Protein chains: 2
Amino acid sequence: MTYCVGMKLDRGLVFMSDTRTNAGVDNISVFKKMFQWEVPGERSITLMTAGNLATTQAVVSLLNERSIAAEDRGTLSIVEAPSMFQVAKLVGETLREVIADQTGQSGQTAERAFGASMILGGQVRGGETRMFHIYPEGNFVEASTDTPFFQIGEAKYGKPIIVRAYDPALRFEEAVKLLMVSFDSTLKANLSVGMPLDLHLYEADTLRHGLRRRIEPDDPFFAKVSSGWGEKLREAFDNLPDYSLD
Amino acid sequence: MTYCVGMKLDRGLVFMSDTRTNAGVDNISVFKKMFQWEVPGERSITLMTAGNLATTQAVVSLLNERSIAAEDRGTLSIVEAPSMFQVAKLVGETLREVIADQTGQSGQTAERAFGASMILGGQVRGGETRMFHIYPEGNFVEASTDTPFFQIGEAKYGKPIIVRAYDPALRFEEAVKLLMVSFDSTLKANLSVGMPLDLHLYEADTLRHGLRRRIEPDDPFFAKVSSGWGEKLREAFDNLPDYSLD
C-alpha cells in the first residue's frame with residue numbers, strides 16, 4: 001500500500017508521500033514514490049505514485065527518457081509541454097500505455113493487477129499552480145476550491161483530520177503539521193504504510209523546487225506530533241460534553 | 001455498507017450501529033442491524049450485523065425461530081446455551097449455514113456476495129461479559145484487554161479516535177460520546193453509512209438489557225458533538241507546535 005497527499009494552498013502546493021512497498025506483509029521495501037522535474041525559472045513538477053510499483057517505475061522511467069530525447073520523437077516531453085494540463089495529459093497517456101503494455105504482455109485480462117494512480121502538481125510559467133489526480137485509465141481530475149486536496153493509497157484513516165483542519169490560508173509550517181497528523185493516524189493503523197516520508201513544498205510563482213526533505217523515522221518533530229496529538233485529541237475529547245443517559 | 005462498533009468496558013458493553021443499507025448509491029433503505037435477546041436475570045445478548053442483508057436477516061430469523069421451538073429440535077438455542085462462548089458458536093454455525101445455503105441455491109461459487117460478519121456481546125449468568133467478532137466462515141475471535149473493541153463495516157475513518165481515546169475505565173456517558181465522534185467522522189466520509197443510530201448499553205452483571213435508544217438524525221446531542229468536535233479538533237491542531245522549515 002501507499003499513502004500520498006497533495007494539498008493546494010494559497011501559498012503553493014504541499015506534497016507528502018510514504019516510502020513503503022510490500023508484496024505481502026512479509027516482504028517490505030523502501031521505495032521513493034515522489035518524483036520531480038524542474039526547469040529553474042520556468043517550471044516545477046512533482047509526481048506521487050500509488051499502485052503497482054513496476055507500473056509506476058516504468059512510467060517515471062519513460063517520462064525521464066522522453067524528456068531527454070524529446071526532439072528525436074517529434075513530441076514534447078513533460079519538461080517542455082506548454083501547460084500543467086498538457087503535462088497531466090502526457091503523464092496520463094504514459095500511464096495508460098504502460099498498463100496496456102504490461103497487461104498485453106502477460107496475457108492477463110485484469111488490468112487491476114497492473115493499475116496505479118498518481119497525484120501530479122506544479123506550475124509552468126504563464127499558468128497557475130495546478131494539481132491533478134490521474135487514474136489508471138489515463139484520465140484525470142483537477143483540484144479545486146471544493147476539493148483542494150487529493151489522497152492516493154490508504155486514504156481513509158487520515159482523511160477526517162484533513163477535512164476538519166484544512167484551510168487554503170494555511171502556512172506551510174501548519175500544512176506540514178497537518179499532513180504529519182494525517183500520516184501518523186495512517187501509519188498507526190496500516191502496516192503497509194511506512195516511514196520515512198518525503199516532503200516537497202512548492203511556493204507559488206517561484207517556478208523552481210521549494211523545500212524538499214526526507215522525514216526519517218527518528219525525526220524529532222514527527223515524534224512530537226505523534227505523541228502530542230494523542231494528548232491533544234484526548235483533551236479535545238474530554239472537553240466535549242458527555243452524553244446524558246436520562 | 002455499514003458501521004457498527006462494540007466496545008468492552010469495565011462497566012459493561014457498549015453497542016452502536018448505523019441503519020443504512022444500500023444496493024448502489026441510488027437505492028438506500030433503513031434497516032436495523034442490532035438485535036437483542038433477553039432472559040431477565042439470566043442473560044442479555046446483543047448482535048450487530050454487517051454484510052449481505054439477506055444473509056444477516058436470515059441468520060436473525062433462524063436464531064429467533066430456533067429459540068422458540070428449541071425443544072422440538074433437541075438442541076439448545078441462543079436463549080438456552082450455557083455460556084456466551086456457546087452462544088457465539090451457535091451464531092457462527094447459523095451464519096455459515098445460511099451462507100452455504102444461499103451459495104448452493106444460486107450456484108454461485110463466490111461466497112463473498114453472500115458474506116456477512118457480526119459482533120456479538122453479552123453475558124450469561126455464571127459467566128463474564130464477553131464480546132466476539134464472528135466471521136463468514138462461522139469462526140470468531142474474542143475481545144481482550146489488548147483489543148477491547150470490534151468494528152465491522154466501514155471501520156477505517158472512525159478508528160483513529162477510538163484507538164486514541166479508548167480507556168476501559170470510561171463511563172457510559174463518555175463511551176457514547178466517543179462512539180458518536182467515531183460515527184460522525186464515518187458518516188461525513190461514507191454515504192453508505194447513515195443515521196439513525198441504534199445504541200445499547202449493557203451494564204455488567206445486571207443480566208438484563210440496559211439503556212436502548214435510537215439516535216435520530218435531529219438528535220441535539222449528536223449535533224452538538226458533530227459541530228463541537230470540529231472546533232475542538234481544530235483547537236487541538238492549532239495547539240500543536242508548527243513544523244520548522246529551517
Side-chain angles (χ1 to χ4, degrees), chain A residues 14 16 154-167 170-182 184-190 199 201 203 210-211 213 215 219-222 224-246, chain B residues 14 16 154-167 170-182 184-190 199 201 203 210-211 213 215 219-222 224-246:
Chain A
V14 180
M16 194 178 279
E154 177 54 281
K156 293 186 179 183
Y157 296 110
K159 187 172 185 183
I161 180 63
I162 303 185
V163 170
R164 298 285 200 175
Y166 172 86
D167 183 328
L170 284 181
R171 290 175 293 111
F172 279 145
E173 291 85 346
E174 296 169 308
V176 174
K177 176 172 77 168
L178 173 56
L179 291 188
M180 283 194 175
V181 170
S182 174
D184 180 54
S185 291
T186 310
L187 289 162
K188 280 200 166 54
N190 189 328
L199 170 70
L201 303 174
E203 210 169 321
L211 179 88
R213 199 168 276 179
I215 296 153
D219 184 86
F221 182 78
F222 189 85
K224 212 190 300 178
V225 164
S226 179
S227 62
W229 182 242
E231 276 165 45
K232 299 286 182 215
L233 207 61
R234 189 61 212 242
E235 275 172 35
F237 177 72
D238 289 342
N239 284 335
L240 278 179
D242 286 348
Y243 186 68
S244 161
L245 303 183
D246 306 329
Chain B
V14 181
M16 194 179 278
E154 177 55 279
K156 293 186 178 182
Y157 296 110
K159 187 173 184 183
I161 179 62
I162 304 185
V163 170
R164 297 285 200 175
Y166 173 86
D167 183 327
L170 285 181
R171 289 174 292 112
F172 280 145
E173 290 85 345
E174 296 169 308
V176 174
K177 176 173 75 166
L178 173 56
L179 290 187
M180 282 193 173
V181 170
S182 174
D184 180 54
S185 292
T186 310
L187 290 162
K188 281 200 166 53
N190 188 329
L199 170 70
L201 303 174
E203 209 168 321
L211 179 88
R213 198 170 278 178
I215 297 153
D219 184 85
F221 182 77
F222 189 84
K224 211 188 303 177
V225 164
S226 179
S227 62
W229 182 241
E231 276 165 46
K232 298 287 182 216
L233 206 61
R234 189 62 212 239
E235 275 172 33
F237 176 72
D238 290 341
N239 284 335
L240 277 180
D242 285 349
Y243 187 67
S244 162
L245 303 183
D246 306 328

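Computed from a predicted model, the values in this text were never measured in an experiment. Note on naming: letters A, B, ... go to the chains in the order of the sequence lines (proteins, then strands), and numbering restarts at 1 for each one. Note that these values count all heavy atoms, side chains included, but never hydrogens, waters or copies made by symmetry.
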Chemist: With only heavy atoms counted, which part of B:Tyr157 is less than 4.5 Å from chain A, the side chain, the backbone, both or neither?
Modeler: both

Chemist: With a 4.5 angstrom heavy-atom cut-off, could you sort out which part of A:Leu178 is near chain B: side chain, backbone, both or neither?
Modeler: both

Chemist: Considering only heavy atoms, which portion of B:Thr186 lies under 4.5 Å from any heavy atom of chain A: side chain, backbone, both, or neither?
Modeler: neither

Chemist: Do B:Ile215 and A:Tyr243 pass the side chain to side chain contact (heavy atoms under 4.5 Å, CB included) test, and can you show the C-alpha distance, the side-chain angles, and the key distance before you say yes or no?
Modeler: CA-CA 12 Å; B:Ile215 297 153; A:Tyr243 186 68; 4.3 Å; yes

Chemist: Quick one: which of A:Met180, A:Glu235, A:Lys188 has the most heavy-atom pairs under 4.5 Å with chain B, could you say?
Modeler: A:Lys188

Chemist: Please classify the contact of B:Leu233 with chain A as side chain, backbone, both or neither, using a heavy-atom distance under 4.5 Å.
Modeler: both

Chemist: If we define contacts as heavy-atom pairs under 4.5 Å, which of A:Glu174, A:Lys159, A:Arg213 has the most with chain B?
Modeler: A:Arg213

Chemist: Any idea which of A:Ala189, A:Ala175, A:Gly230, A:Gly228 has the most non-hydrogen atom pairs under 4.5 angstrom with chain B?
Modeler: A:Gly230

Chemist: Let me know if B:Leu199 has heavy atoms under 4.5 Å from chain A in its side chain, its backbone, both or neither.
Modeler: side chain

Chemist: Do you know the tightest heavy-atom contact between A:Asp242 and B:Glu173?
Modeler: CB-CB, 3.7 Å

Chemist: Considering all heavy atoms of both residues, which atom of A:Phe172 and which atom of B:Leu245 are nearest to each other, and what is their separation?
Modeler: CB-CD1, 4.0 Å

Chemist: I would like to know whether B:Glu154 and A:Lys156 meet side chain to side chain contact (heavy atoms under 4.5 Å, CB included); could you show each step before the answer?
Modeler: CA-CA 10 Å; B:Glu154 177 55 279; A:Lys156 293 186 179 183; 2.7 Å; yes

Chemist: Compare every heavy atom of B:Ala165 with every heavy atom of A:Arg234, then report the nearest pair and how far apart it is.
Modeler: NH1-O, 3.2 Å

Chemist: With a 4.5 angstrom heavy-atom cut-off, is it the side chain or the backbone of A:Leu179 that approaches chain B, or both, or neither?
Modeler: neither

Chemist: For the candidates A:Val176, A:Leu240, A:Asn190, which exhibits the highest count of non-hydrogen atom pairs separated by less than 4.5 Å from chain B?
Modeler: A:Leu240

Chemist: If you draw the axis of the six-membered ring of A:Phe237, does the NZ or CZ of B:Lys232 fall within 45° of it and under 6.0 Å from the ring centre?
Modeler: no

Chemist: If every non-hydrogen atom of B:Pro241 is compared with every non-hydrogen atom of A:Lys224, which pair is closest and at what distance?
Modeler: CG-CD, 3.9 Å

Chemist: With a 4.5 Å cut-off on heavy-atom pairs, point out which of B:Ser185, B:Pro160, B:Ala155 contacts chain A the most.
Modeler: B:Pro160

